[in-house]
Amino acid sequence: MDTSLAIAEVHLTPILIADPPLLNTQGVHQPYTPRLIVEVVTRGGVTGVGETYGDGEYLALARPLADSVMGLPVTDVNRLFSLAEAAECAAAGERGESGEAGEAGPGPAAADVAAGGLRGVRNAAKLRLSVVSAFEVACLDALGKTLGLPVHTLLGGKVRDRVEYSAYLFYRWAAHPARPAPEVPEDDWGAALDPSGIVDQARRFADAYGFRSFKLKGGVFPPDEEIAAVRALAAAFPGQPLRLDPNGAWSVETSLRVARELRDVLEYLEDPASGTDRMAEVAAGRARTGLPLATNMCVTTFPEIREAFARDAVQVVLSDHHYWGGLRNTRELAAICRTFGVGLSMHSNTHLGISLAAMTHVAATVPNLDYACDTHYPWQTEDVITRRHAFEDGCLTVPDAPGLGVELDRPALAALHRRWLDDDGTLRERDDAAAMRLADPTWTTPAVPRW
Ligand SMILES: [Mg+2]
């Protein structure tokens with residue numbers, strides 16, 4: 001065994017990154033959102049980086065895992081799963097809780113379990129996998145740098161040289177509501193609250209980045225307004241791929257109505273209704289609508305696949321290497337989708353350049369990547385890497401440099417960490433409903449179906 005590959009140090013750096021006032025069915029993005037940057041340093045002196053969600057519950061799992069991976073070779077990424085389970089159980093034991101960290105069911109963090117949210121079910125296993133993913137990516141980055149090989153080579157090699165992404169359109173305000181903060185990020189995108197605002201936003205995305213496909217985050221306004229926005233996009237970009245994602249805000253009946261009305265212009269409808277039962281009902285109407293359903297909400301963990309696929313509730317799974325547990329698990333998901341004839345693309349949550357690099361590497365290795373991947377990246381004006389990714393014709397060229405092909409910008413990382421340290425705690429947990437209450441004090445997270 002080459003001991004130079006053993007992990008000698010782990011650095012966890014929680015940060016707050018600027019985020020525009022993007023609207024969704026639960027509220028609005030806060031001016032800053034938490035992320036966690038994971039660095040592993042090998043005895044050979046090579047540093048690998050990973051990135052994941054940064055709310056407190058992720059940090060609470062990352063800290064004991066950081067302790068337990070000391071001495072682990074960065075080649076042993078399979079071990080991360082059992083180490084994370086053990087670390088989680090030990091941490092729960094210290095808190096005086098009991099329970100096992102089961103794959104399917106809620107583990108020791110069961111008190112935190114919530115069914116719902118924009119990313120689907122939340123349970124201990126999914127939280128743990130989201131943390132493991134950042135360590136896995138950091139290990140693969142370090143291994144690649146040590147060997148002089150890109151991460152996609154460590155995953156078996158790329159099957160494409162470019163990965164296509166779609167423009168992620170949002171209803172949005174021009175500015176965040178006033179809040180007692182020392183600084184609030186601003187941009188020059190302006191408000192987009194009607195069809196013409198959405199088309200203007202899409203044109204800017206197309207001109208600046210070359211995106212060809214467009215996804216509109218819906219569930220914000222009554223469905224007829226969102227149908228009008230998609231119709232306006234179809235008129236402005238005839239024949240180009242369009243998607244609409246209301247994050248499960250609609251009833252089965254509404255979902256079927258929207259599907260019928262937009263079947264000639266959408267390539268898929270994403271999570272129109274909430275939960276596998278409702279999605280299966282909507283999918284059963286597919287003979288009439290002809291429209292595939294995509295999800296990043298009702299199939300987000302391996303245990304959810306069986307029922308959803310058996311019932312043909314979804315026709316496209318939007319993978320996310322964070323909550324599926326890393327790049328290699330993403331490839332396993334891809335193999336399952338291939339086996340069952342289910343399409344595959346990629347979900348995005350607010351992320352920086354490390355995660356975009358990881359997404360691009362794994363996407364390059366998956367043969368059945370059927371649609372352009374989602375990314376929030378253009379909305380993120382801050383980063384922790386020295387050279388931001390540049391889209392060309394809506395695509396990223398797959399990096400062939402060793403590891404992920406990105407380099408940490410340490411002054412930027414330190415500044416974003418300083419922001420996290422200086423925060424009074426209100427922004428360290430992403431809470432779109434709380435952000436919405438600054439504009440509408442009566443706001444509560446809407447029950448589903450909302451329409
Ligand atoms: Mg979605």
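None of the values given here were measured: they were computed from a predicted structure. In each ligand, atom 1 is the first atom listed, and ligand 1 is the first ligand listed.
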Counterpart residues, salt bridge (Lys or Arg N to Asp or Glu O under 4.0 Å), relative to D383 (two or more places apart) =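 For D383 the salt bridge (Lys or Arg N to Asp or Glu O under 4.0 Å) partners, ignoring immediate neighbours, are R388.
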
message = So, at under 2.8 Å, which protein N, O or S atoms would a careful student list around the Mg ion (ligand 1)?
response =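 Sorted hits: D245 OD2, E270 OE2, N296 OD1.
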
inquiry  = Exactly one of N24, V28, L23 should register a side-chain contact (heavy atoms from CB on, under 4.5 Å) with D432. Which one does?
reply    =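 For D432, the side-chain contact (heavy atoms from CB on, under 4.5 Å) test succeeds with only one of N24, V28, L23, which is N24.
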
message = With heavy-atom distances below 4.5 Å as the criterion, would you say the side chains of K215 and L169 are in contact?
response =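 Not touching, per the 4.5 Å side-chain cut-off.
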
key: Residue pairs involving residues 224-253 (criterion ring-ring contact (aromatic ring centres under 6.0 Å, His included); sequence neighbours excluded)   =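 Counting only pairs at least two positions apart or across chains, the ring-ring contact (aromatic ring centres under 6.0 Å, His included) contacts touching residues 224-253 are F214-F237.
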
inquiry  = Quick one: does any side-chain atom of T52 pair with a main-chain N or O of S130 as donor and acceptor, under 3.5 Å?
reply    =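 Checking the backbone N and O of S130 against the side chain of T52, a donor-acceptor pair under 3.5 Å is found.
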
query = Quick one: side-chain contact (heavy atoms from CB on, under 4.5 Å) partners of A84, sequence neighbours excluded?
reply =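 Testing A84 for side-chain contact (heavy atoms from CB on, under 4.5 Å), a comparison that skips the adjacent residues, returns L65, R128, V132.
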
